[in-house]
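Presented below is the structure to which this report refers.
Chain A is the first sequence line, chain B the second, and so forth, proteins listed ahead of strands; every chain is numbered from 1. Everything numeric here is computed off the predicted structure, so don't read it as measured data.
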Amino acid sequence: MVPTTTKDRSEGREEANPRTPPESRSTSGKAPKACSLSARGEPFLWGFGGSLAIGIMMILGFMTLILWNGIAAFYPKPLQVVTLRDGTLVAGEPIRTESFQPQEESPGKGDKEHGESPSAGPIPALRTLYRIGNFDLYNEDFRWVLESSVEKTATPPDLFFVERLEWGPFVGTVQSIDLAGSQIGGPSLSTNELYSAVEQAAERRAGIRSVERGDIAAVNYEMEEARLALKKAGLKYGPRSPEYQAAEKGYADRSAVLAERYRALEARAHELKSQDAKFTITLADVSGREKVQKLSDVVRMYPANLLSVFQKLRIYASRWWELLSQEPREANTEGGIMPAIFGTCVMTIFMALAVAPFGVVAALYLREYARQGRMVSAVRIGINNLAGIPSIVYGVFGLGFFAYMIGAGIDGLLFPERLPNPTYGTGGLLWSSLTLALLTVPVVIVATEEALAAVPQSSREGSLACGASKWQTVKYIVLPRAMPGIMTGLILAMARGAGEVAPLMLVGVVKLAPELPIDHFFPYIHLERSFMHLGFHIYDVGFQSRNSEAAKPMVFVTTLVLITLIAVMNAAAIYIRNRLKRKFSAGGF
Amino acid sequence: MPETGPPSVRSEGTIYHVKRGREGTVMEIEDFCLWYELAQALFNVSMGVEKGLVTALIGPSGCGKSTLLRSINRMNDLIDGVKVSGQMLVEGFDIYGPGVDVIALRKTMGMVFQKPNPFPMSITDNVTYPLKVDGITDKRVLAQTAETALKAAALWDEVKDRLHENALGLSGGQQQRLCIARAVAGDPDVLLMDEPCSALDPVATGKIEDLIDELRGKYTILIVTHNMQQAARVSDNTAFMYLGRLIEYGLTSTIFTNPRVEKTMEYVTGRFG
Ligand SMILES: Nc1ncnc2c1ncn2[C@@H]1O[C@H](COP(=O)(O)OP(=O)(O)O)[C@@H](O)[C@H]1O
Ligand SMILES: [Mg+2]
């Protein structure tokens with residue numbers, strides 16, 4: 001059989017090794033005999049080196065792909081207007097050109113520029129993908145244009161790329177703007193005027209937002225608090241008790257005041273909005289179809305073919321800034337990813353805070369206190385095997401144990417007034433952190449144990465001989481010295497935890513979180529809240545969105561941010577570790 | 001004038017002709033046996049250690065010198081499976097008796113190991129470590145103790161300008177003297193030294209020997225050594241051990257010039273070991 005033969009041969013090869021030295025000695029001086037290749041050693045060296053090189057190349061290729069696509073994604077591209085043979089005009093950003101096999105058997109010779117294929121199959125044709133935008137007019141964002149159907153291509157200077165809050169970008173020309181009655185249009189409209197109008201609109205947008213998301217949200221929050229306080233009183237004293245009646249009275253007063261405030265704020269928001277609606281811009285696409293648009297719906301606009309490199313870089317930077325500081329919109333495919341960055345960081349930090357003491361204490365017990373024997377070995381093997389459990393299983397466990405058991409218990413005890421709405425009885429930041437802590441605790445335990453084992457026994461003896469107790473020895477001598485190794489374990493755990501997605505989908509990560517887990521409402525850190533996460537964001541944007549082509553830059557950029565974030569966290573931890581290390585290895589003799 | 005008692009046989013086989021100190025013995029070891037798991041490492045060792053004198057333990061490798069020394073401050077407790085029998089009385093207390101506070105016992109003894117083992121901390125922190133574990137935080141007390149101990153260890157002049165530097169930056173000999181300073185900082189009665197010079201060059205060894213000479217009288221010193229000249233130079237009494245047994249225990253000059261046992265003669269004249 002084949003396997004046996006292979007085995008025999010490899011055994012034979014191993015045998016050849018010890019025989020080599022005498023053989024080579026005996027043949028020295030004569031012509032080198034055809035000794036087996038494996039006896040020379042070099043083939044293995046090439047093999048080892050080769051596999052390492054393949055590994056490195058794969059990683060480098062992956063990183064290059066992410067870096068290239070991620071870094072290039074936000075750089076403004078030129079706009080082209082393509083006139084097709086049938087007279088249609090297509091305007092947009094050329095995304096990429098590829099050759100493809102046309103479905104229909106096209107007759108004739110076709111394009112000669114790649115007639116190199118001698119095969120009888122259909123001749124490949126070239127096509128280019130354009131981002132044409134204007135989804136509200138065309139019902140599509142992208143369009144393939146066949147090379148053979150193009151009559152001519154132009155790059156007109158007056159074509160604008162307009163990023164909007166809704167409907168994706170608009171590609172077309174600016175006809176006029178209407179600033180609350182004063183119409184400026186045509187040649188009298190300068191670019192500077194346009195930009196300042198867009199800037200003012202952005203300020204109005206921020207004003208409306210601060211009323212809606214700030215003041216009105218605060219009133220809603222207080223209203224909810226008051227309602228909960230009333231319900232709590234009802235649960236505590238019973239609905240007929242005098243305390244409840246007093247609370248009811250208080251609630252009525254309070255909610256009247258709040259409702260008054262709410263109405264005032266709402267009126268103000270309405271006024272701001274109707275004022276804002278008077279500022280409009282009229283755009284037209286290449287074939288002249290007009291679109292009137294609120295100016296405040298414009299996020300950014302630029303004449304793509306007129307930009308200098310410096311202006312392009314400014315747009316590039318402002319897009320990155322938007323990404324890092326803004327909330328997502330358009331089903332996450334546009335806008336920023338700030339909540340996801342924030343959620344990932346907070347979750348990873350909480351995870352590290354949970355996993356570090358837990359893992360270190362467990363390893364300390366195993367290595368320093370437990371009597372080394374079969375029991376401890378069995379526990380060690382168990383811990384190592386934990387690392388092999390699929391992470392989704394941890395998610396299921398976290399959901400069942402943390403959220404549904406412990407969380408439901410906490411809700412019943414501490415937040416009965418909010419039931420049946422769960423507070424801790426559902427996925428959230430705390431449960432996610434704990435689930436990931438559980439997932440990564442083997443890494444920390446194993447690394448800590450190794451670090452403890454590497455502390456020289458003579459140090460421990462020196463300390464004990466000075467009359468230190470075991471705990472003092474651990475605290476003053478062993479732990480500080482093992483700290484670099486413990487940090488290494490923590491770094492590994494953090495890298496693993498920050499990149500983990502599957503279990504989080506079950507225990508608290510959502511597509512779009514209305515609030516950040518840390519804000520200015522008491523108690524400031526809301527451990528029960530669900531949150532956004534970069535890893536899940538990538539999945540969501542890449543695979544759940546309406547148009548995967550439109551989401552592609554976002555996927556790469558988000559991946560780049562996630563990798564950078566993990567790299568930064570690791571670098572910080574490595575820096576701390578190296579500083580510790582230097583302290584413990586200075587000098588020697 | 002301390003005198004030598006007449007040769008006597010106390011335990012099975014051992015010959016005694018010990019030089020007596022002025023203050024009697026600090027320690028009485030009676031019929032002490034020790035097992036690592038099932039292997040017996042010490043066989044019925046009985047000896048008294050004279051207070052204020054330097055006692056050397058000599059013998060070929062693996063004869064149990066370190067084991068005996070480490071039994072005195074119960075460092076062997078750290079090794080799983082160690083069993084003992086017999087008695088070890090320190091100032092009249094049976095240190096293997098029930099309810100003994102091992103930590104308190106270790107605080108009455110300082111120990112110096114074969115390889116210098118300073119902690120990765122500053123020189124001062126190293127020396128004051130025994131005080132730190134006692135919960136003493138008074139800066140002045142710590143500084144005072146560090147100075148006294150470093151002076152006692154003849155290291156003060158070399159390190160007084162770099163007290164806050166990492167101790168790992170010292171040379172090997174300095175590190176070992178630092179360990180001696182650390183051992184005396186806790187104000188012990190007994191100093192246990194396990195081949196303190198075996199990792200050092202001759203110059204550093206000479207300094208440590210001078211130091212031991214200076215510490216004589218202030219502390220009871222038990223020193224394990226492989227170096228015959230060293231034992232002859234620094235010690236008052238010498239105990240010769242062989243295969244886990246105490247063969248001969250007596251006045252150093254007698255052991256080295258005119259031992260009562262043939263085996264001792266063979267060892268000190270270098271015929272084996
Ligand atoms: N931790 C240990 N476990 C088992 N046997 C040991 C251990 N330490 C020492 N021994 C054995 O005890 C005997 C005495 O060792 P030791 O006291 O170190 O000798 P010495 O210091 O005189 O060279 C040796 O046979 C050695 O193998
Ligand atoms: Mg030894």
Side-chain angles (χ1 to χ4, degrees), chain A residues 364-380 449 451-488 576-589, chain B residues 70 72-81 101-122 125-135 165-176 178-179 182-183 185-186 188 191-192 194 199-201 204:
Chain A
L364 265 183
Y365 182 78
L366 277 180
R367 177 62 63 179
E368 299 287 323
Y369 288 91
R371 203 191 156 89
Q372 306 297 313
R374 258 192 223 124
M375 186 66 192
V376 168
S377 305
V379 170
R380 267 200 199 111
E449 269 217 84
L452 292 177
V455 175
Q457 189 65 21
S458 67
S459 280
R460 288 192 186 84
E461 289 188 342
S463 165
L464 290 167
C466 285
S469 67
K470 188 138 193 171
W471 170 238
Q472 284 172 325
T473 303
V474 165
K475 190 169 63 169
Y476 295 137
I477 306 295
V478 177
L479 269 188
R481 207 149 178 177
M483 207 38 99
I486 296 175
M487 291 291 297
T488 308
I576 297 173
R577 182 188 67 186
N578 287 352
R579 283 194 48 167
L580 289 173
K581 229 185 217 165
R582 218 172 303 140
K583 195 170 146 199
F584 295 121
S585 63
F589 59 95
Chain B
R70 293 162 55 89
I72 295 172
N73 64 350
R74 290 190 58 171
M75 290 301 281
N76 283 329
D77 290 16
L78 305 180
I79 300 163
D80 284 339
D101 183 351
V102 179
I103 290 173
L105 169 76
R106 288 189 189 138
K107 282 178 182 163
T108 66
M109 300 178 178
M111 191 164 202
V112 180
F113 296 82
Q114 194 164 348
K115 257 186 77 183
N117 59 350
F119 305 132
M121 342 167 154
S122 76
D125 288 347
N126 258 284
V127 178
T128 55
Y129 187 77
L131 281 73
K132 180 176 180 177
V133 302
D134 278 341
E165 281 173 33
N166 196 320
L168 298 182
L170 296 175
S171 75
Q174 289 173 324
Q175 287 189 2
Q176 194 62 303
L178 182 68
C179 291
R182 186 175 72 195
L191 277 184
L192 307 172
D194 193 348
L200 305 181
D201 60 82

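- Here the closest heavy-atom approach between residue B:Gly81 and residue A:Arg371 is recorded as N-NH2, 4.2 Å.
- For the pair A:Tyr476/B:Tyr129, a side-chain contact is recorded, criterion being any heavy-atom separation below 4.5 Å from C-beta on.
- Residue contact with chain A, scored on non-hydrogen atoms closer than 4.5 Å, involves the side chain of B:Arg70 exclusively.
- Not counting sequence neighbours, the partners of B:Thr108 by the side chain to side chain contact (heavy atoms under 4.5 Å, CB included) test are B:Leu105, B:Asp189.
- Note: B:Lys132 leads B:Lys132, B:Met111, B:Gln114 in heavy-atom pairs under 4.5 Å with chain A.
- A:Lys470 has its side chain out of reach of B:Ile103: every pair of non-hydrogen atoms, C-beta onward, lies at least 4.5 Å apart.
- Of residues 458-467 of chain A, those residues lying under 4.5 Å from chain B by any heavy-atom pair are A:Ser458, A:Ser459, A:Glu461, A:Gly462, A:Ser463, A:Leu464, A:Ala465, A:Cys466, A:Gly467.
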| request: Under the side chain to side chain contact (heavy atoms under 4.5 Å, CB included) rule, what do A:Ile477 and B:Met121 come out as? Steps first, then yes or no, please. | output: CA-CA 9 Å; A:Ile477 306 295; B:Met121 342 167 154; 3.6 Å; yes

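- Only the side chain of B:Leu78 comes within less than 4.5 Å of a heavy atom in chain A; its backbone stays farther off.
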